[in-house]
Amino acid sequence: MAAILATSACSDQPTPTIQRERDPSPASDHMRLGALRRAVTANGFVRAADLAVPVDSKQREAGKLIFASPLMSINGSISCRDCHLEQFGSADGLPVAVGVGAKGSGKDRLSGGGQIVPRNALAFWGRGSRGFDTFFWDGKVSARNGRVVSQFGKDAPSDDPFVVAMHLPSVELREMVDDTPQVEETLVTESVNSANRIQNALAKRFARDPVIGPHLAGAFGVPATAITFNEVATSLAAFIRDEFRIRPTKLERFVFDAGPLTTSELNGGILFYGRGKCVACHNGPYFSDMQFHAVAFPQMAFGKNGFGIDYGRYNVTFDPEDRYKFRTPPLFNVTKTAPYSHSGSVPTLDKAIIAHFDPLRLLDTGKMTVRQRADLYARLGPAAREPLPSALNADDVSELVAFLGTINF
């Protein structure tokens, strides 16, 4: 059981629309500071250095070139870097990603004529680090009982789940593959063989490239003619693991080095581990239990299942109990990675918190279609079975945001 701080019950008074200013003064309540330190460590928080996975420097350098190269897109012109940018906390700053055919970054990308990818681009912080072995919103790649579970089935190209995850974007329609009738003839079967055909062609591209090819050959000690897509994916994984590794945070300095917190940060931390119940799902070293939960976020865009619907984890397991569930998002740098939710429907972090306990506040149901309301009702059921926090007021939400800022770097 996760350690949760005992705190007083929340008032039933209506949530005020105006919140007080955050208190920037140094927190000095030693009893509460000590209780927060104990709660943080009891729920799996460790130093950033304990999470790092060493990578081969030559593979990392090859991966850095691959990350920025449009060669990864078989018939488009898009690189990993186009949707994972520093200014947006390693995401793209958009509700849902805009894939092949798009130009520019941020809002400019929306008018670039690209194809819509129906989910929010995830940040990369901590991906593939120690214990981070469940990937994508729906967990379609994970490690279980010492084996990799993925769309590749028994033909997984690696025993490293992160390397397996690196294989998937290159064959994702509209993400890195232009959705044309000619391509659909190859990919629509969603078979391992069709993915292999595309990735074999990509491997040859990278091998022939006058810059990337020699880097790959040198990193793996093979001639360029022997390079496969697994070397490409392994190099990309090495770069992302190192470039987006977890760094020390204010919370780490507070917990392990007696660093300071402000009064608002302390209050937010007590809420996070107490009656806010955030820790019920946001626990462990990455502030994620790597499990799947339902939150009644508004659904934006077309949706993975069409017509504004996304069944989430169900698309992987086909278990009706998994409808509308998504992997708990890790929280490092969370204040920098707006918008929020699987469909990017929530523009600010405070509203993302509100959606957990008062989702209807974010919606104007009168402007929704009958179909949209029916989908909302379906999502409210699973969400109501989650460990909901007590009703929080505006000050509570503001202080939770302040605490979450302590895990930025």
Side-chain angles (χ1 to χ4, degrees), residues 1-23 27 29 31-45 249-251 254-255 261-297 326-335 337-338 340-341 346 348-362 380 382-408:
M1 293 288 291
I4 297 181
L5 297 176
T7 56
S8 60
C10 178
S11 169
D12 290 328
Q13 293 300 313
T15 301
T17 57
I18 300 175
Q19 64 194 40
R20 65 172 178 260
E21 293 291 324
R22 291 181 190 166
D23 189 345
D29 186 330
M31 184 176 73
R32 296 174 80 234
L33 288 167
L36 179 57
R37 284 193 181 95
R38 291 190 294 274
V40 174
T41 54
N43 283 281
F45 185 72
T249 59
K250 185 174 186 178
L251 186 64
F254 162 71
V255 171
L261 293 182
T262 70
T263 298
S264 286
E265 291 165 349
L266 171 60
N267 291 342
I270 295 294
L271 279 166
F272 188 95
Y273 291 96
R275 62 182 169 85
K277 297 184 182 178
C278 311
V279 71
C281 303
H282 291 285
N283 53 55
Y286 302 100
F287 295 90
S288 170
D289 59 4
M290 301 293 169
Q291 298 301 311
F292 303 89
H293 302 279
V295 179
F297 288 117
F326 296 87
R327 188 200 61 189
T328 305
L331 295 181
F332 282 104
N333 278 336
V334 68
T335 69
T337 57
Y340 304 95
S341 90
V346 185
T348 60
L349 186 54
D350 58 339
K351 289 181 178 177
I353 294 169
I354 289 168
H356 286 71
F357 66 91
D358 192 8
L360 295 182
R361 196 193 314 180
L362 306 182
L380 285 171
R385 294 192 287 272
E386 299 291 345
L388 297 175
S390 305
L392 306 176
N393 62 37
D395 293 330
D396 294 334
V397 172
S398 178
E399 288 177 333
L400 276 171
V401 172
F403 172 71
L404 292 173
T406 68
I407 50 175
N408 287 348

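Every value quoted in this text rests on a predicted model; they were computed, and no experiment measured them. The residues of the chain are indexed from 1 along the displayed sequence. Computed over heavy atoms, backbone and side chain alike; hydrogens, waters and symmetry mates excluded.
- In terms of heavy atoms, D289 sits closest to A280 at OD2-O, 4.0 Å.
- The two atoms that bring A383 and L388 nearest to each other are O-CD2, 3.6 Å, heavy atoms only.
- What you find for P389 and G276 is that their closest heavy atoms are CB-O, 2.8 Å.
- Here the CG-CG distance, from D358 to L392, works out to 10.0 Å after rounding to the nearest 0.5 Å.
- For H356 and F297, the gap between ring centers is short of 6.0 Å.
- Looking at L36 and L261, their side chains come closer than 4.5 Å, going by heavy atoms from C-beta outward.
- Under the side chain to side chain donor-acceptor pair (under 3.5 Å) criterion, D23 pairs with S25, sequence neighbours left out.
- Scored by the side chain to side chain donor-acceptor pair (under 3.5 Å) test, N408 finds T335 as partners (sequence neighbours excluded).
- T249 meets the side chain to side chain donor-acceptor pair (under 3.5 Å) test with no other residue; sequence neighbours excluded.
- What you find for R37 and V255 is that their closest heavy atoms are CD-O, 3.8 Å.
- Residues meeting the ring-ring contact (aromatic ring centres under 6.0 Å, His included) test with H293, sequence neighbours left out: none.
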Exercise for the section: May I have the step-by-step check of side chain to side chain contact (heavy atoms under 4.5 Å, CB included) for D396 and R275, ending in yes or no? Expected result: CA-CA 10 Å; D396 294 334; R275 62 182 169 85; 3.3 Å; yes

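- Summarising the geometry of A352 relative to Y340, their closest heavy-atom pair is CB-CB, 4.0 Å, with the distance given to 0.1 Å.
- With hydrogens and angles disregarded, no donor-acceptor distance shorter than 3.5 Å links the side chain of E399 to the backbone of S264.
- The distance from atom CG of L360 to atom CG of L380, rounded to the nearest 0.5 Å, is 5.5 Å.
- Rounded to the nearest 0.5 angstrom, I353 CD1 and L404 CG are separated by 5.5 Å.
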Practice task
Could you walk me through whether C278 and L400 pass side chain to side chain contact (heavy atoms under 4.5 Å, CB included), step by step?
Solution key: CA-CA 10 Å; C278 311; L400 276 171; 4.1 Å; yes

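- If you take OG1 on T406 and CZ on F254, they are separated by 9.0 Å, rounding to the nearest 0.5 Å.
- Between the CZ atom in F287 and the CG atom in L251 there is a gap of 5.0 Å [rounded to 0.5 Å].
- Contact between I407 and F332 at its shortest, heavy atoms only, is O-CD2, 3.4 Å.
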Practice task
In sequence, state the C-alpha distance, the side-chain angles, and the governing distance for V397 and F357, and then conclude on side chain to side chain contact (heavy atoms under 4.5 Å, CB included).
Solution key: CA-CA 11 Å; V397 172; F357 66 91; 4.2 Å; yes

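- Between S288 atom OG and R327 atom CZ the span is 6.0 Å, to the nearest 0.5 Å.
- Looking at residues two or more places apart in sequence or on another chain, you find a side chain to side chain donor-acceptor pair (under 3.5 Å) between S341 and S345.
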Problem - salt bridge (charged side-chain N to carboxylate O under 4.0 Å, His left out) evaluation trace for D395 with R22 - result: CA-CA 8 Å; D395 293 330; R22 291 181 190 166; over 6 Å; no

Exercise for the section: Starting from the C-alpha separation in whole Å, work towards a yes-or-no answer on side chain to side chain contact (heavy atoms under 4.5 Å, CB included) for Y286 and T328. Expected result: CA-CA 10 Å; Y286 302 100; T328 305; over 6 Å; no

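- Applying the salt bridge (Lys or Arg N to Asp or Glu O under 4.0 Å) criterion to K250, with sequence neighbours excluded, gives E265.
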